[in-house]
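None of these values were measured; they are calculated from a predicted model.
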Amino acid sequence: MARRPLPRILSTGSAQIARSRELARAQLTRSRELARTASDSASDVLHPLITITRGLRRLASAGRRKWSDTPKDKRGPLLFLVASVILVVALVPYGPLLAVITLMAAAAWQGRDREPATPEGPDESQTERLRSLYEALVPYFSAADDPAPLYTHGGEWEKAFPEYEFDGTSRINSLLVRYPAYFTDGEAQARARIEYLLTAKSGRGREYHFAWDEEGNELTVSALAPLPTDIAAQRFVTAPGETVLGFTDPTRVQRTLPLTHGEEQRDVPPVVWRTGIRSTEPHLLAVGQPGSGTSTLLRSIALQALQHGDVVIVEGGGTGEYACLTGRDGVLAVECGLAGVLASVEWAATETERRLIAVNRARQAGNPPPEDTKRPLWILLDRPTAFSHLAAADDRKDPQSLLQVPLRHGRAANVTVVVAEQWDALDALSDAVRQHTRARVVLGPATAEQLQAALGAPPHTTPVADVPAGRGYARLGTGPVHRLQVPATPDPYDDATSDAHRQAVLELLPPRTTPVEAESLGTLESLGTLEKAYQEPEPVPAEAVVAETS
């Protein structure tokens with residue numbers, strides 16, 4: 001049986017529809033181009049009329065201001081003088097024509113564009129800076145067998161730097177660098193050399209952001225503005241389980257927080273660390289030099305954690321940085337002695353196991369988790385390696401070995417561990433601490449090698465030598481590296497603290513609880529039992545035994 005051909009309307013309908021759409025799109029594009037051309041031509045033709053109209057409006061405004069500024073007793077003579085001038089001009093031959101010409105000339109002069117003409121291209125000093133930067137890049141972006149080199153000594157720097165911008169001091173603010181395709185932009189060492197050179201030639205003392213476009217063989221260099229250092233501790237608008245580590249650049253995050261700075265309100269992009277059961281980075285490690293702001297970071301985290309959870313603080317510095325939190329509601333312990341630290345950390349490990357067992361039993365029974373397992377527990381350790389040396393000298397257990405259970409199972413038990421340590425003792429941290437703390441913060445000055453080792457990835461900005469306290473970098477897991485400025489959270493009992501920052505911290509502290517009484521201890525019963533176990537036993541007096549004689 002022969003097949004009948006399909007109707008022509010079915011075989012060619014889709015092609016006709018597509019062709020009609022293309023024609024409609026082409027007509028729309030052509031009409032837009034015609035409208036744009038007509039508007040440009042009309043603006044060019046009517047430009048003199050627009051200028052004269054603007055000048056007449058300015059002259060009328062000037063006359064109105066002159067009339068309002070004239071005293072009332074002098075307005076009559078002024079009006080008579082103007083009428084006399086108009087009468088004389090009307091009686092003079094060709095007077096009205098000359099008056100109209102004069103008025104139009106004055107209006108054209110007043111209606112001209114008064115904005116100063118921006119000079120095209122860089123000035124002499126800026127050109128010299130770009131030329132020297134071009135010459136410095138020649139050894140890195142040139143090859144002997146390149147038939148048409150983009151970078152040659154004495155070559156044209158305009159082709160290599162198509163876009164540039166300078167600040168008020170003639171220093172480079174942004175720069176687009178083109179480089180040949182054979183440059184090894186995929187190697188970290190090659191990138192580091194170029195970034196160091198551009199930083200040195202563009203002006204030291206500033207941080208620069210480098211955006212490499214491997215597909216287009218382009219490098220965008222941008223000078224970053226310094227992060228604000230005047231943001232004090234305050235209640236941040238966050239959800240439960242979110243902790244604000246600090247603030248960063250607006251181009252790196254897609255969220256802002258409303259902050260209060262005195263009487264000023266402003267929105268600042270934060271670095272938010274999410275903890276809890278669904279967190280991918282449940283624990284944090286902060287590294288820095290003395291005075292870099294690691295203790296400030298821990299105080300800021302503690303004040304935010306006390307809104308919804310309990311906190312155990314271990315201080316290895318022995319300077320009383322956390323004395324303001326002693327006895328506060330939700331602060332289970334602030335320990336600075338070896339016996340108390342061992343008791344607190346072992347209690348935290350036992351509490352983690354208890355929560356895991358309770359949650360597992362509830363899930364097996366088909367019930368929701370108990371309420372006492374939902375409240376977050378935070379373990380904050382400042383310089384825990386100091387107790388490792390004391391424990392080894394006293395032949396006791398290392399407190400870091402007791403952190404293995406909270407670190408490994410803390411996410412399921414709603415337990416979070418935060419460790420702050422200095423660079424010189426970083427090697428003394430246990431493998432469990434370094435393995436399970438996937439959220440990293442580096443504060444203070446650091447080299448590129450130190451940042452690479454601590455964060456796991458190099459930052460896209462150049463670190464500077466002189467930075468304020470609380471300034472550094474943060475990386476959450478495998479995410480990008482952010483610039484970070486920790487909010488000012490100083491010790492309120494320190495005499496060097498300003499009154500504004502002291503008052504801001506005191507307002508965030510929870511109220512004090514009644515110490516020692518049994519009804520207020522609650523979850524600290526087991527902690528007290530463990531602490532007594534580490535104390536030396538008191539001597540028991542022995543009673544005298546009288547020998548009986550037979």
Side-chain angles (χ1 to χ4, degrees), residues 206-207 209 223-275 284 286-289 291-308 321-322 324-325 380 382 418 420 439-446 459 461 463-464 466-476 480-494 496-510:
R206 297 186 300 174
E207 290 185 84
H209 178 264
L224 298 176
L227 296 176
T229 59
D230 54 352
I231 300 177
Q234 54 191 279
R235 292 296 181 199
F236 303 116
V237 184
T238 55
E242 293 183 346
T243 303
V244 177
L245 300 179
F247 304 95
T248 184
D249 301 301
T251 58
R252 304 295 294 174
V253 295
Q254 300 178 355
R255 176 180 177 182
T256 58
L257 288 181
L259 301 181
T260 302
H261 178 63
E263 298 181 355
E264 180 184 358
Q265 298 285 338
R266 54 180 172 177
D267 295 337
V268 181
V271 178
V272 179
W273 174 39
R274 292 174 177 84
T275 58
L284 182 139
V287 187
Q289 296 181 357
S292 59
T294 54
S295 299
T296 300
L297 175 62
L298 260 64
R299 269 191 302 270
S300 176
I301 294 176
L303 292 177
Q304 298 179 62
L306 288 173
Q307 300 182 53
H308 308 285
E321 293 281 344
Y322 309 94
C324 60
L325 296 172
L380 309 181
D382 193 354
V418 180
R440 299 293 180 90
V441 173
V442 177
L443 299 179
T461 60
V464 294
D466 298 330
V467 294
R471 175 69 178 81
Y473 297 91
R475 190 188 186 203
L476 305 179
V481 180
H482 300 279
R483 286 203 308 166
L484 181 71
Q485 178 62 50
V486 179
T489 316
D491 181 12
Y493 297 160
D494 190 0
T497 304
S498 63
D499 295 337
H501 290 168
R502 179 184 294 109
Q503 187 63 29
V505 175
L506 292 176
E507 290 177 356
L508 297 178
L509 291 175

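The shortest non-hydrogen separation linking Q485 to P468 is OE1-CG, 4.0 Å. Taking all atoms of both residues into account, the shortest heavy-atom contact from Y473 to P459 is CE2-CB, 3.8 Å. Contact record, P487 with F236: CG-CZ, 4.1 Å, taken as the closest heavy-atom pair. In plain terms, the two heavy atoms of L303 and R235 that are nearest each other are O-NH1, 3.4 Å. Here the closest heavy-atom approach between residue A225 and residue R483 is recorded as O-NH2, 2.8 Å. Smallest separation of non-hydrogen atoms from V481 and R475: CG2-CD, 4.0 Å.
S295 contributes atom OG, which lies 9.5 Å from atom CG of D491 (distance to the nearest 0.5 angstrom). One finds the OG1 atom of T489 at 10.5 Å from the CG atom of L298 (value rounded to the nearest 0.5 Å). Interatomic distance, L284 CG to T275 OG1, rounded to the nearest 0.5 Å: 10.5 Å. Interatomic distance, L245 CG to T243 OG1, rounded to the nearest 0.5 Å: 7.0 Å. Here CZ of R299 is found 9.0 Å from OG1 of T294. Values are rounded to the nearest 0.5 Å. Rounded to the nearest 0.5 angstrom, I301 CD1 and T296 OG1 are separated by 11.0 Å.
Under the 4.5 Å side-chain criterion, counting only non-hydrogen atoms from C-beta, V287 is not in contact with L443. Counting only heavy atoms from C-beta outward, the side chains of L257 and D267 never approach each other to under 4.5 Å. E207 places a side-chain heavy atom less than 4.5 Å from the side chain of R471. Side-chain atoms of P240 and E242, non-hydrogen and from C-beta on, never get closer than 4.5 Å to each other. Residues V268 and T256 fail the side-chain proximity criterion, which asks for heavy atoms closer than 4.5 Å. In this structure, the side chains of Q289 and P445 come closer than 4.5 Å at one or more pairs of heavy atoms. You'll find the side chain of V271 stays beyond 4.5 Å of the side chain of F247, heavy atoms only. Two residues are said to be in side-chain contact when any heavy atoms from C-beta on lie closer than 4.5 Å; T497 and P492 fail this criterion.
Q503 places no side-chain N or O within 3.5 Å of a backbone atom of A500 that could act as its donor or acceptor partner. A donor-acceptor distance shorter than 3.5 angstrom exists from the side chain of R502 to the backbone of D494, with no hydrogens or angles considered. Using modelled atom types, no side-chain atom of Q234 and backbone atom of A504 make a donor-acceptor pair closer than 3.5 Å.
Partners of D230 under the salt bridge (Lys or Arg N to Asp or Glu O under 4.0 Å) rule, at least two apart in sequence or in another chain, are R266.
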**Request:** For V272 and R255, run side chain to side chain contact (heavy atoms under 4.5 Å, CB included): C-alpha distance rounded to whole Å, both residues' side-chain angles, the deciding distance at 0.1 Å, then the answer.
**Result:** CA-CA 9 Å; V272 179; R255 176 180 177 182; 3.9 Å; yes
